Amino acid sequence: MPNTRILVVDDEHDILELLEYNLKKLGFEVFMADNGADGIKLAREHKPDLILLDIMMPKMDGHEVCARIKEDSALKNTPVIFLTAREDEKTEIRNLDEGADDFLTKPISISKLISRIKAVLRRFQGYSDDENKLSIRIHDLNIDRERYVVMKGEKEYRLPRKEFEVLFKLAEHPGIVLKREVLLNEIWGSNVFVVDRTVDVHIRKIRDKIGSEYIETVKGVGYRFRK
């Protein structure tokens with residue numbers, strides 16, 4: 001899952017180092033904080049796709065950090081996985097009631113953690129290994145294929161179908177240049193006669209609506225969604 005941002009908040013530095021190493025090795029972008037206040041600050045700054053949050057921390061525990069994150073309109077839909085030293089039914093119920101989307105008991109099994117992370121991301125962002133993705137969250141955009149809606153913060157954009165499909169196709173492959181002919185064939189089909197200029201017009205309209213900062217022009221080749 002390239003370009004996926006994960007924030008890890010834990011007061012144990014050896015756990016931070018362990019998770020940073022293993023998550024980066026898998027291609028995740030990782031941010032770390034060793035206390036709740038810094039965790040909230042980093043969450044607001046980087047808008048992570050998922051937060052791994054220790055519960056037992058001094059000064060501000062994980063429950064309070066989670067509550068503050070869920071109160072923030074820009075972060076309230078960010079999935080949270082609690083890291084907890086306790087494993088019992090009451091703790092499980094409390095964790096889920098207080099906003100956790102999953103939890104994992106310490107000592108941490110890296111393989112189990114990665115599996116849980118991927119499961120939560122699939123649930124929240126529509127990640128999958130096939131072409132039937134339901135949505136993509138990238139930068140400050142949530143591109144929802146079920147409703148053909150693009151959310152930028154609290155603002156909603158309803159793009160015409162072809163414009164939406166162009167945006168979705170580019171966002172599926174951030175950092176990769178897609179040639180005009182590739183976009184034409186995959187979105188309009190090889191049996192429909194349209195010219196390269198059609199793609200250029202659709203890109204211009206997308207930029208006019210959601211902003212010009214997301215899609216780069218690669219002269220003489222095509223377009224690329226910024227990483």
Side-chain angles (χ1 to χ4, degrees), residues 1-6 27-29 43-51 69-70 72-79 101 117-227:
M1 297 180 183
N3 306 303
T4 299
R5 301 175 300 278
I6 296 181
F28 293 107
E29 187 176 356
R44 289 171 175 163
E45 181 179 350
H46 295 288
K47 305 294 189 299
D49 299 291
L50 182 141
I51 299 173
I69 286 170
K70 297 300 182 181
D72 189 318
S73 60
L75 298 172
K76 64 182 180 181
N77 294 321
T78 304
D101 300 287
I117 287 172
K118 289 182 177 179
V120 170
L121 288 173
R122 280 195 296 269
R123 214 160 63 227
F124 275 79
Q125 301 178 7
Y127 278 104
S128 67
D129 296 327
D130 56 34
E131 297 179 353
N132 298 314
K133 296 178 183 176
L134 298 178
S135 65
I136 296 174
R137 278 188 63 188
I138 186 166
H139 302 306
D140 57 346
L141 299 178
N142 185 23
I143 309 170
D144 185 344
R145 198 178 217 164
E146 279 194 308
R147 299 187 299 135
Y148 278 80
V149 164
V150 179
M151 296 298 299
K152 183 177 182 180
E154 298 297 317
K155 192 165 184 180
E156 181 179 286
Y157 299 88
R158 292 187 175 272
L159 306 183
R161 187 181 184 91
K162 294 299 185 187
E163 290 177 29
F164 182 92
E165 292 293 350
V166 170
L167 176 64
F168 198 94
K169 179 60 67 176
L170 289 167
E172 277 186 308
H173 308 283
I176 297 174
V177 180
L178 296 185
K179 296 181 178 179
R180 288 177 176 85
E181 56 263 38
V182 170
L183 292 169
L184 286 171
N185 287 337
E186 294 199 14
I187 294 171
W188 279 267
S190 57
N191 295 324
V192 178
F193 180 76
V194 286
V195 296
D196 287 359
R197 177 66 178 160
T198 302
V199 176
D200 300 338
V201 171
H202 280 70
I203 293 290
R204 177 176 55 78
K205 289 180 178 178
I206 293 168
R207 286 170 169 163
D208 287 344
K209 291 169 184 173
I210 68 170
S212 60
E213 65 269 31
Y214 302 103
I215 300 173
E216 298 176 299
T217 302
V218 180
K219 282 192 175 182
V221 183
Y223 295 94
R224 171 174 54 207
F225 201 99
R226 293 183 186 275
K227 291 184 73 172

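No experiment lies behind these values; they were computed from the predicted model shown. Along the sequence shown, the residues carry numbers beginning at 1.
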>> For a 4.5 angstrom cut-off between non-hydrogen side-chain atoms, does V182 reach K169?
In response: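 Not in contact.
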>> Counting C-beta onward and ignoring hydrogens, is there a side-chain heavy-atom pair between V166 and Y223 closer than 4.5 Å?
In response: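 Contact flag for V166/Y223 side chains = no.
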>> Could you go through K152 and Y214, starting from their C-alpha distance and side-chain angles, then the distance that decides it, and tell me whether this counts as side-chain contact (heavy atoms from CB on, under 4.5 Å)?
In response: CA-CA 12 Å; K152 183 177 182 180; Y214 302 103; 3.0 Å; yes
[atom2] on [Y] to [atom1] on [X], rounded to 0.5 Å:
| X | Y | atom1 | atom2 | answer |
| --- | --- | --- | --- | --- |
| I176 | R224 | CD1 | CZ | 10.0 Å |
| I117 | D49 | CD1 | CG | 11.5 Å |
| L141 | K155 | CG | NZ | 12.5 Å |
| D208 | K205 | CG | NZ | 9.5 Å |
| K179 | L184 | NZ | CG | 13.0 Å |

Of all the heavy-atom pairs spanning [X] and [Y], show the shortest one and how long it is.
| X | Y | answer |
| --- | --- | --- |
| I138 | R226 | CD1-O, 4.3 Å |
| K209 | P160 | NZ-CD, 3.4 Å |
| I136 | A171 | CD1-C, 4.0 Å |
| K70 | T78 | NZ-O, 2.9 Å |
| F225 | L170 | CB-O, 3.3 Å |
| N77 | R137 | O-NH1, 4.1 Å |

> Does the pair E165 and R145 meet the rule for a side-chain contact (heavy atoms from CB on, under 4.5 Å), with working shown?
Replying inline: CA-CA 9 Å; E165 292 293 350; R145 198 178 217 164; 3.0 Å; yes
> Has the side chain of R5 got a donor or acceptor atom that lies under 3.5 Å from a matching backbone atom of K47?
Replying inline: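 Pair found, side chain donor or acceptor close to backbone of K47.
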> Would you say R207's side chain and I215's backbone share a donor-acceptor pair under 3.5 angstrom?
Replying inline: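 Flag set: sc R207 to bb I215 pair under 3.5 Å.
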>> If you apply the rule side-chain contact (heavy atoms from CB on, under 4.5 Å), what do you find for L50 with T4, and how did you get there?
In response: CA-CA 8 Å; L50 182 141; T4 299; 5.8 Å; no
>> Please evaluate residues L167 and I210 with respect to the criterion side-chain contact (heavy atoms from CB on, under 4.5 Å), reporting the C-alpha separation (whole Å), side-chain torsions for both, the decisive distance (0.1 Å), and the verdict.
In response: CA-CA 10 Å; L167 176 64; I210 68 170; 4.0 Å; yes
> Under 30°, 30 to 60°, or over 60°: which ring-plane class applies to Y148 and F164, parallel, tilted or perpendicular?
Replying inline: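 Answer is tilted, since the angle falls between 30° and 60°.
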> Does the pair K227/E29 count as a salt bridge with the N-to-O cut at 4.0 Å?
Replying inline: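 Salt bridge: no.
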